[in-house]
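A short write-up of the structure that comes next.
Whatever order the structure lists them in is the order used to number ligands and atoms, beginning at 1.
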Amino acid sequence: MHDYKNILIAVDLSASAEDVIKKAKNIADINNTKLTLIHAIDYIPYIGFGEGALITPTYTIPNEELIKNAKNTIDRLLNKMQLTHLDIIIEFGAATNEIVSYANEHNVDLIVVGSHGRHGVKLLLGATANGVLHHAPCDVLAIRITE
Ligand code: AMP
């Protein structure tokens with residue numbers, strides 16, 4: 001197997017995230033590799049309306065709260081898997097763009113994604129997996145998700 005030095009694991013916080021992380025970690029263990037986990041928050045603000053207000057938006061979810069929630073979920077998962085030596089990156093934006101940009105800017109030599117995530121198991125490859133495969137500057141490993 002290629003001697004990867006810098007692996008990026010893309011995680012969408014779906015149930016399949018654990019499988020994706022496990023497979024990436026197995027490769028990293030063989031090669032003594034740097035592992036980074038990235039999650040993109042592709043957030044379209046939810047607009048709430050106060051009582052009696054017809055069109056005036058009254059709140060959105062603050063970015064800090066979204067980051068905190070994502071970080072808590074990732075921490076819980078990594079604790080459960082007894083993984084501590086990962087860098088965790090949380091970005092706002094479309095997942096494909098954020099994953100590919102990070103890989104470009106940080107000399108990533110392998111990106112590990114699930115074959116599909118929250119966006120449906122009917123496709124052989126989900127939109128993010130497909131986008132990353134097309135635009136990545138490096139190898140991409142798509143972990144087959146069957147559930
Ligand atoms: P999808 O193609 O969106 O069904 O998801 C396939 C895989 O892309 C997931 O298993 C993750 O590895 C990755 N992915 C999807 N959404 C995100 C996200 N928001 N942040 C990071 N990785 C993601």
Worked check of side-chain contact (heavy atoms from CB on, under 4.5 Å) between I74 and H39: CA-CA 9 Å; I74 292 166; H39 173 67; 4.0 Å; yes

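Any N or O atom pair closer than 3.5 Å counts here, and G114 shares at least one such pair with ligand 1. For ligand 1, the polar-atom distance check finds an N/O of A10 within less than 3.5 Å of one of the ligand's N/O atoms.
One finds the CG atom of N104 at 12.5 Å from the CD1 atom of I99 (value rounded to the nearest 0.5 Å). The distance from the NE2 atom of H116 to the CG atom of D12 is 10.0 Å, given to the nearest 0.5 Å. With values rounded to the nearest 0.5 angstrom, I67 atom CD1 is found 9.0 Å from E91 atom CD.
Using a non-hydrogen distance threshold of 4.0 Å, I99 registers as a contact of ligand 1.
The option with the heavy atom closest to atom 23 (C) of ligand 1, from among I89, V20, L125, D12, is D12.
In summary, the atoms of ligand 1 found under 4.0 Å from a heavy atom of V113, numbered by their order in the structure, are 12 (O). Atoms of ligand 1 found under 4.0 Å from any heavy atom of I38 (numbered from 1 in listed order, with element): 21 (C). For ligand 1, the atoms closer than 4.0 angstrom to any heavy atom of A129 are 2 (O). Here is the list of ligand 1 atoms found below 4.0 Å of a heavy atom in A95: 16 (N), 17 (C), 18 (C), 19 (N).
Counting non-hydrogen atoms of neighbouring residues, nucleotides and ligands closer than 6.0 angstrom, the NE2 atom of H134 reaches no more than 12 such neighbours.
Remark: K25 engages D29 in a salt bridge, criterion side-chain N to carboxylate O under 4.0 Å. Ionic pairing of D87 and K34 is present here: one or more N-O contacts between side-chain nitrogen and carboxylate oxygen are shorter than 4.0 angstrom.
With a 4.0 Å heavy-atom cut-off, ligand 1 is reached by the backbone of V11 but not by any atom from C-beta on.
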